[in-house]
**Q** 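The structure is given below, and queries will be raised subsequently.
Computed over heavy atoms, backbone and side chain alike; hydrogens, waters and symmetry mates excluded. Numbers here simply count residues along the sequence, with the first being 1.
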Amino acid sequence: MADAQANFDDKPIILHILPDFPITGARSAAHIQQHIDLILLTIEALDVGASESMLQSTQQLQLDKIIKNRIALWRLRCSNPWRRSYTRKILTLDQAKALVILAHHRAKQLSMPIRQLLLEEQKMRAKNLPITGNFLLSDYLERFRSHFYSRMNPRRAKVAFFLENEAEFHDFALYMLNQVLFLTGTMGLQRFWVSLFDGEVR
């Protein structure tokens, strides 16, 4: 009991706002890790300085014991099986929580441009105009594509599919934008965390 209490006390306090769920198997871990990394990639597509801002936030959020530096963050993100540099690493719950909390913190700061982009999408769809005709949307989609292409493994079937089908890729990039918006909503951090374990929570 004393050891369990010691482990609890050693954790960054902020981690305790998210419940502990068991990760049941490699497939579940891969799904969770993939989705977290794609959320972070979406945030990077929204904000050129996002990576640096997130690293600076680790101390503010007291997550620097888990995410010590840029290399540590990169290694955690390489647990995404879609990555060119996939490490086959399975994240611990604390590592997964830290990444989600970090994403939430940065996403909250970007909530206005996220909403603006999605509003622009609605306007273009309502007029039956291509979304790439809107400067803001086109800029976001181009940055998302650049990050995705440079980091993801084209040998993966789903990655190859997106890279070869522009319309599907744009829908995917906008779906991820909606996921980041979901993360910023009321109880968004907790709701997003639970959604990662959909089908796993008993």
Side-chain angles (χ1 to χ4, degrees), residues 3-4 7-8 10-12 14-45 50-51 54-55 58 61 63-107 144-145 147-165 168-169 171-180 182-183 188-202:
D3 289 342
N7 289 336
F8 184 88
D10 285 343
K11 291 184 180 183
I14 197 169
L15 296 185
H16 301 311
I17 65 177
L18 297 177
D20 289 339
F21 294 130
I23 299 177
T24 56
R27 178 175 294 184
S28 173
H31 162 74
I32 292 167
Q33 293 164 183
Q34 171 191 305
H35 203 65
I36 293 173
D37 183 42
L38 289 172
I39 285 287
L40 293 170
L41 184 144
T42 305
I43 291 171
E44 289 173 329
S51 294
M54 287 189 285
L55 283 169
T58 57
L61 298 169
L63 296 173
D64 47 316
K65 288 184 179 180
I66 298 173
I67 306 172
K68 297 180 180 180
N69 50 44
R70 187 183 306 278
I71 294 175
L73 177 58
W74 176 77
R75 286 175 175 167
L76 293 179
R77 294 185 62 181
C78 285
S79 63
N80 174 4
W82 282 9
R83 283 232 173 200
R84 293 176 186 267
S85 49
Y86 177 42
T87 60
R88 298 185 182 276
K89 176 182 175 65
I90 294 180
L91 299 180
T92 66
L93 273 178
D94 286 352
Q95 289 170 338
K97 285 182 181 182
L99 291 175
V100 170
I101 291 168
L102 198 59
H104 171 261
H105 180 75
R106 188 61 189 140
F144 189 96
R145 174 178 284 278
H147 289 322
F148 190 86
Y149 181 81
S150 65
R151 300 175 191 180
M152 302 304 158
N153 185 353
R155 297 178 186 175
R156 290 280 179 176
K158 197 66 174 179
V159 173
F161 172 77
F162 283 136
L163 293 177
E164 293 168 3
N165 295 273
E168 294 287 349
F169 185 79
D171 286 346
F172 173 62
L174 292 168
Y175 164 77
M176 290 308 307
L177 193 61
N178 275 282
Q179 286 286 288
V180 176
F182 173 68
L183 183 58
L189 175 59
Q190 291 80 1
R191 291 168 63 202
F192 177 80
W193 177 249
V194 172
S195 75
L196 290 173
F197 296 83
D198 185 31
E200 300 295 325
V201 180
R202 298 292 184 265

**Q** Which atom pair, heavy atoms only, marks the closest approach of Q33 to N80?
**A**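 That would be O-CB, 4.1 Å.
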
**Q** Tell me if the CZ atom of R145 is crowded by more than 12 foreign heavy atoms within 6.0 Å.
**A**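 Count over threshold, so yes.
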
**Q** For residues A98 and I66, report the shortest heavy-atom separation together with the two atoms involved.
**A**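 Minimum heavy-atom separation between A98 and I66: CB-CG2, 4.0 Å.
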
**Q** Check the orientation of F172 and F162. Use parallel for under 30°, tilted for 30 to 60°, and perpendicular for over 60°.
**A**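 It falls in the parallel class, under 30°.
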
**Q** Quick check: closest heavy atoms across L40 and A103, and the distance to 0.1 Å?
**A**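 Between these two residues, the closest heavy atoms are CD2-CB, 3.7 Å.
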
**Q** Looking at every heavy atom in both I32 and F197, which two are closest together, and how far apart are they?
**A**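 Taking every non-hydrogen atom into account, CD1-CE2, 3.6 Å.
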
**Q** Among residues two or more places apart or on two chains, list those pairs meeting side-chain hydrogen bond (donor to acceptor under 3.5 Å, both in side chains) that have a residue in residues 153-164.
**A**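 Qualifying pairs, neighbours excluded: none.
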
**Q** Might you point out which heavy atoms bring M54 and L102 nearest each other, and give the distance in Å?
**A**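 Residues M54 and L102, closest heavy atoms: O-CD1, 3.3 Å.
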
**Q** For F182, is the NZ or CZ atom of R191 found under 6.0 angstrom from the centre of its six-membered ring and inside 45 degrees of the ring axis?
**A**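 Cation-pi check for R191 and F182: fails.
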
**Q** Does the side chain of H104 come within less than 4.5 Å of F192's, by heavy atoms?
**A**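 No, too far: nothing below the 4.5 Å cut-off.
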
**Q** Return yes if some donor-acceptor pair links the side-chain N/O of Q179 with the main-chain N/O of I39 below 3.5 Å, else return no.
**A**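 Side chain of Q179 to backbone of I39: no pair is present.
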
**Q** Kindly say whether P19 contributes a backbone atom to a donor-acceptor pair with the side chain of W193 at under 3.5 angstrom?
**A**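 Yes; at least one donor-acceptor contact below 3.5 Å.
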
**Q** Just do the side-chain contact (heavy atoms from CB on, under 4.5 Å) check on L73 and T58 with the steps written out, would you?
**A** CA-CA 10 Å; L73 177 58; T58 57; over 6 Å; no

**Q** Answer yes or no: is there a side-chain heavy-atom contact under 4.5 Å between R84 and M152?
**A**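 No, side chains not in contact.
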
**Q** Please tell me if the side chains of L99 and L63 come closer than 4.5 Å, counting only heavy atoms from C-beta onward.
**A**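 When only atoms from C-beta onward are counted, L63 and L99 do not touch, as no gap falls below 4.5 Å.
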
**Q** So R77 and K89, do their side chains get closer than 4.5 Å, heavy atoms only?
**A**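 A side-chain contact is absent here, since even the closest heavy-atom pair is not under 4.5 Å.
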
